[in-house]
Amino acid sequence: MGEFECGFASFSFLVILISFNIVLLVHSQLLPIVSDHGENTNQIQTYIVHVLKPEGSNFLGAEDLENWHKSFLPKTTLDTGEPRLLFSYKEAISGFAARLTPEEVKDMEKMDGFLSANPSRTLHLQTTYTHDFVNLSTLFGVWSTSNSFYGEGIIIGVLDTGIHMPHPSFDDTGMPPRPAGWNVSCYLQTSCNGKVIAAQSFDTANSTTPPTDIDQGHGTHVAGIAAGNFVNNAEVLDQALGRAAGMAPKAFISVYKVCWKIGGCGTDGVLAAIDKAIQDGVHILQMSFGLRPPDLPTSFTEDDVAVATFSAMQKGIFPCTTAGNNGPDPKTLSHAAPWDMVVGATTTDRRIRATVTLGNGTQFHGESAYQPNMVTNQFHPLVYPENIEKGKVVRNAGGAGMILMNFDKVGNTTFSDAHHLPAAYVSYKDVIQLKDYIMSNSAPTAKITFGGTIFDIHPSPALASFSSRGPAKYNGNIVKPDVTAPGVNILSAWPVEVGPFPTGLKTKTFNFLSGTSMATPHVSGIVALIMSKLKYENKRQWSISEIQSALITTTNTFDLDGRSIFDEATFNDSANILQRGAGQVNATNAMDPGLVYNIEPDDYVAYLCGIFYNYTPYVQRFTKNNTQSCTRSISGEQLNYPSIGIPMASSSASTTISRTVTNVGDAWEIYNAKITEPPFVKIHLSKYMLSFTRFEQQITYDITFTMNGSHPGSGVIGQGELSWVSSKHTVTSPIYIAF
C-alpha cells in the first residue's frame, strides 16, 4: 500500500554552519522592529497609530477615549484648520487614525502607551488576491461577466484531511438549492449545510471517524481555495486584508477525508473515496496529494490512483491533482496520466515583507506573516544555535528573532509563515551574501524590520522552486505538468488562530500555505466555472479532455512584464516547458477557448495499448473489461492531446502526427497558423488555415517534424509552440522535443 503526502510545501532548516542551511537567532531582548513605509518624506499623510491604554485606566465613554487619543498629537488641527484626528477606534484596534508627518510620528514613539504607526493604505477588492492572478476579478475577468455563475450547480469532491465546518468560508448564505436527487451522508459532528453537502471519512481503522479537520487544516485550506464562500475582512495576523473567496464560491463541496495526521493518505483510502465519489455523482475530483521520492511512479503499472481517475474520467468526472512538491529536480512528478489535470505552482506579486539589515548596512527583503508592532533601531548579535530551534523553542530559549535561510535548491521562493516570534525568511541568493558577511566579521549583527503587505513585486508570476518538474518518460512524452497556478503564500480558510498569541475567540481564521496543493484547487475551481457556464447556457457539456484543452491552450506564458516566466530555483533562468507546462492558467480565456481538442474513450484505450506494448492484462486494469483486446495501438504523440511531445532520437528522425480540433467559438471563424519552431527542428503543416462555418465543426490537420541540421545530443530539451489565431481567439499548443 503506497503512502501519499498532503502536498503543501514544507522545508527543513538545518542548523549547521558548514552547509548554511541554518536558522540564525538574533539574540538577547525582544527584536526591534521598524516600519518600512517611506517615513523619510515630509508630507502630511494619514497614519494608523497603535497605542495601549495606561494600566488601570478606565475610560467612561467615547469622548474620554478620543481625548486620550488626541493627547498623542502635537496639536489637534493642521495649519489649514483641518482636524488631525480622523478616527478613534474602540473595538477594531487599540488606537486611532490621524494626519501626521513622519517626524511627528517619530516624536510620538517616546510617549508612554505608543506601540507603532503605519501609513494608511488604499485597499482594493482582493478576495484571496489570487483571483486577479488567474484573471477572475479583473475588469474584464470571469467574475465581472453576467454569465460567470460562480460555479453554481457544480459539486467539487475534495479528497483531503476533512473540513472545519464552523469556518465562515463554508457558510451557505447565497447558495442555490442542493442538486436534485442528492442524498449523500454527512458524518460531521456538526451537520452539513447548503454549501458543504456531504462529508465522509475513509479510514480503514475506523470508517466512522468524523471528517473534521481541526488538527491539520490542509483540507480546510484547499476547500476554501476551490469553493469557499465570500468572507469580508479576511487576514492573517492583520496582513493581506481583503475579501476571501474560492475560485467558484457558489459551487458545492463534498468532503472525502482520506489523509490523516498519522499515516498520511493511504492509496487504499484514496481509491475508496474516488469510488464513492463516482457513485455520489460529483463533477470534479480535487486531489492535493502525491508520492515523494524515491517512491515516484515509473510506470502506470505502479499508479493505482491513475486507474481510479481513469474510471472517474470515463464517468465525466474531472480529476485535478498536483504536480508535487519534489522540485526543482527533473523527473519528479507525482502524477502524469493524460486524463489527470496536473498542476504546478507559481508565485504572485504579493509579499508580506520582513527586511533583514546587517551590521554593515546590507539589506535583504524576506517574508513573515507575524509582524509585531514594536519600533527600535537596535542591532543584535547573530548566534548559531547548536541544535534545531525554531519558533516557540527559539522564543522560550531567549532568542529575540529568527532568520530562516533557504537551501540552494529552494532558491528564491520565500514563505510568509505565521511565526511565533519576529522572523524573516530570506532567499538563497541573499544567503550567499549573508554567509560572506558572517565569515568576514567576528561579531556579526542584524535587525529585522517589517513592511507589511507589499504588492507589485517582480518578476511575477514565477515558478516556485519546489514545484515538481517533468518529463515523465513512462507516459509517452506527454507534457506534464499541464499548467501552473498560484501556489505560494496563499491565504485561505484555517481551523484555528495562528501566530504567537491566539485568543481562541476569532471565527474568521485564515492562514498562508504554499505548495502545489494550493495551486491545484485554483484550477479545480476554474473547472467548476467552466462547467457551470456550459450548464446554465444550455450548451453541450465538454468532455474531460476538452476542458483540459481549454485550460492548456489559453494560458499565459509571460509574466506581468512580458518576459518568460522565471524559475525561482535559479538566479536568472526562465522556466521551460517541462517545468511550467503550458503556462499560467487564465480563467477568462479558458471560458472561451475558441477551439478544443477532444480525446475519445477508444483513443485512450489505444494509447494504453501503446504504453503497455499491447499487453492486454495491463490495459484491462484500466478498462475493467476482461474481454478487452488491443485492436489498435498508438504512441503518446498520436493522442489528440492539446500539448505535443515528440521524441527525436537521431539526425534522420521524422515524425508526422494528426490533431483534430472542434469549434466551440463563433460559427464562422477563420484561424491562421503561427509557428515557433524548436531549435534544430523544422515543422510543416498539412493546413495553415482552418476555416469554420458552423458550431461544433471538426477539422483535422497533420504536423510533420523533421531535423533541421545536426542532432543536438541526447537529453537536450527543445520547445516551441503552434498557435491557431483568429480575430477573437488564440489557441496555443506547446511543443516539447525530446532529443
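Quick note: numbers below take in every heavy atom, side chains included, and nothing from hydrogens, waters or symmetry partners. Quick caveat: nothing in here was measured; it's all calculated off a predicted structure.
For the residue pair His335 and Asp340, no side-chain donor N or O sits within less than 3.5 Å of a side-chain acceptor on the partner. No side-chain N or O of Trp724 forms a donor-acceptor pair with one of Tyr688 less than 3.5 Å apart. Using modelled atom types, one finds a donor on one side chain and an acceptor on the other under 3.5 Å when comparing Glu669 with Ser726. Side chain to side chain, Gln584 and Thr484 meet the donor-acceptor criterion of an N or O pair below 3.5 Å. Using modelled atom types and a 3.5 Å distance limit, the side chains of His218 and Ser517 yield a donor-acceptor pair. Side-chain atoms of Thr660 and Gln698 form no donor-acceptor pair, as typed in the model, at a separation below 3.5 Å. Of the N and O atoms on the side chains of Asn598 and Ser543, at least one donor lies less than 3.5 Å from an acceptor on the other residue. For the residue pair Ser254 / Tyr256, a side-chain donor-acceptor distance below 3.5 Å is found, with atom types taken as modelled. For Lys624 and Ser311, the side-chain atoms include at least one donor-acceptor pair closer than 3.5 Å.
Under 4.0 Å is where a charged nitrogen must lie from a carboxylate oxygen, and between Glu152 and Lys535 no such pair does. In this structure, Arg659 does not pair ionically with Asp702, as no charged nitrogen and carboxylate oxygen lie closer than 4.0 Å. Salt bridge Asp666/Lys728: present, at least one basic N to carboxylate O contact under 4.0 Å. Lys331 has no carboxylate O lying under 4.0 Å from a charged side-chain N of Asp329, or vice versa, which leaves the two without a salt bridge.
With hydrogens and angles disregarded, no donor-acceptor distance shorter than 3.5 Å links the side chain of His729 to the backbone of Val725. Judged by distance alone, with hydrogens and angles left aside, the side-chain atoms of Lys480 form a donor-acceptor pair with the main-chain N or O of Ala337 at under 3.5 Å. Remark: the backbone N or O of Ser549 is paired with a side-chain donor or acceptor of Thr553 at under 3.5 angstrom. Of the possible donor and acceptor atoms, one in the side chain of Thr346 sits under 3.5 Å from a partner among the backbone N and O of Ala485. Remark: side-chain polar atoms of Asn556 are not paired, donor with acceptor, to backbone N or O of Phe558 under 3.5 angstrom. In terms of modelled atom types and a separation under 3.5 Å, the side chain of Asn708 and the main chain of Val681 share no donor-acceptor contact. In terms of modelled atom types and a separation under 3.5 Å, the side chain of Arg469 and the main chain of Ser467 share a donor-acceptor contact. Using modelled atom types, no side-chain atom of Asn325 and backbone atom of Phe466 make a donor-acceptor pair closer than 3.5 Å. Under a 3.5 Å cut-off, the side chain of Asn576 and the backbone N or O of Gln579 do form a donor-acceptor pair. Counting only distance, with no hydrogens or angles, the side chain of Tyr613 and the backbone of Gly610 share no donor-acceptor pair below 3.5 Å.
Side-chain contact check for Tyr474 versus Phe300: some heavy-atom pair is nearer than 4.5 Å. For the pair Ser723/Val731, no side-chain contact is recorded, criterion being any heavy-atom separation below 4.5 Å from C-beta on. Using a 4.5 Å heavy-atom cutoff, the side chains of Ile552 and Pro734 are in contact. Inter-residue side-chain proximity for Gln719 and Ile735 is flagged as unmet; no heavy-atom pair is nearer than 4.5 Å. Pro179 places a side-chain heavy atom less than 4.5 Å from the side chain of Ile155. With a 4.5 Å cut-off on side-chain heavy atoms, Tyr736 and Ser643 do not count as touching. Side-chain contact between Thr555 and Leu551: absent, with no pair of heavy atoms (C-beta onward) separated by less than 4.5 Å. Side-chain contact between Glu677 and Lys682: present, with at least one pair of heavy atoms (C-beta onward) separated by less than 4.5 Å.
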* Does the pair Ile703 and Ile644 meet the rule for a side chain to side chain contact (heavy atoms under 4.5 Å, CB included), with working shown? -> CA-CA 10 Å; Ile703 317 171; Ile644 301 168; 3.7 Å; yes
* Under the salt bridge (Lys or Arg N to Asp or Glu O under 4.0 Å) criterion, do Arg632 and Asp603 qualify, and how do the steps go? -> CA-CA 9 Å; Arg632 184 167 67 100; Asp603 293 333; 2.6 Å; yes
* Asked: Step by step, would you call Val488 with Ile490 a side chain to side chain contact (heavy atoms under 4.5 Å, CB included)?
  -> CA-CA 6 Å; Val488 179; Ile490 304 304; 5.7 Å; no
* Apply side chain to side chain contact (heavy atoms under 4.5 Å, CB included) to the pair Thr554 and Thr588, showing each step before the final yes or no. => CA-CA 9 Å; Thr554 60; Thr588 298; over 6 Å; no
* For Thr616 and Ser629, what are the C-alpha separation, side-chain angles and deciding distance, and is it a side-chain hydrogen bond (donor to acceptor under 3.5 Å, both in side chains)? -> CA-CA 6 Å; Thr616 55; Ser629 61; over 6 Å; no
* List the steps, then state whether side chain to side chain contact (heavy atoms under 4.5 Å, CB included) holds for Thr623 with Val605. => CA-CA 8 Å; Thr623 63; Val605 175; 3.8 Å; yes
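The only option from Leu608, Leu639, Ile657 that meets the side chain to side chain contact (heavy atoms under 4.5 Å, CB included) definition with Ile634 turns out to be Leu639.
Checked against a 6.0 Å centroid threshold, the rings of Tyr607 and Tyr604 do not count as neighbours. Here the two rings, on Phe622 and Trp339, have centers that are under 6.0 Å apart. Taking the six-membered ring for Trp and the full ring otherwise, the centers of Tyr641 and Tyr597 sit at least 6.0 Å from each other. Aromatic pair His283/Phe318: ring centres not closer than 6.0 Å.
Here the closest heavy-atom approach between residue Ala345 and residue Gly487 is recorded as CB-CA, 4.0 Å. Minimum interatomic distance between Asn589 and Asn586 (heavy atoms only, all atoms of both residues): N-OD1, 3.0 Å. Between Ala528 and Ile154, the shortest heavy-atom distance links the atoms O-CG1, 3.6 Å. What you find for Ala550 and Trp542 is that their closest heavy atoms are CB-CZ3, 3.9 Å. Here the closest heavy-atom approach between residue Thr700 and residue Ser658 is recorded as CG2-CB, 4.4 Å.
The number of heavy-atom neighbours closer than 6.0 Å to CH2 of Trp668, taken from other residues, nucleotides and ligands shown, is 12 or below. Around atom OH of Tyr701, more than 12 heavy atoms belonging to other residues, nucleotides or ligands sit under 6.0 Å away.
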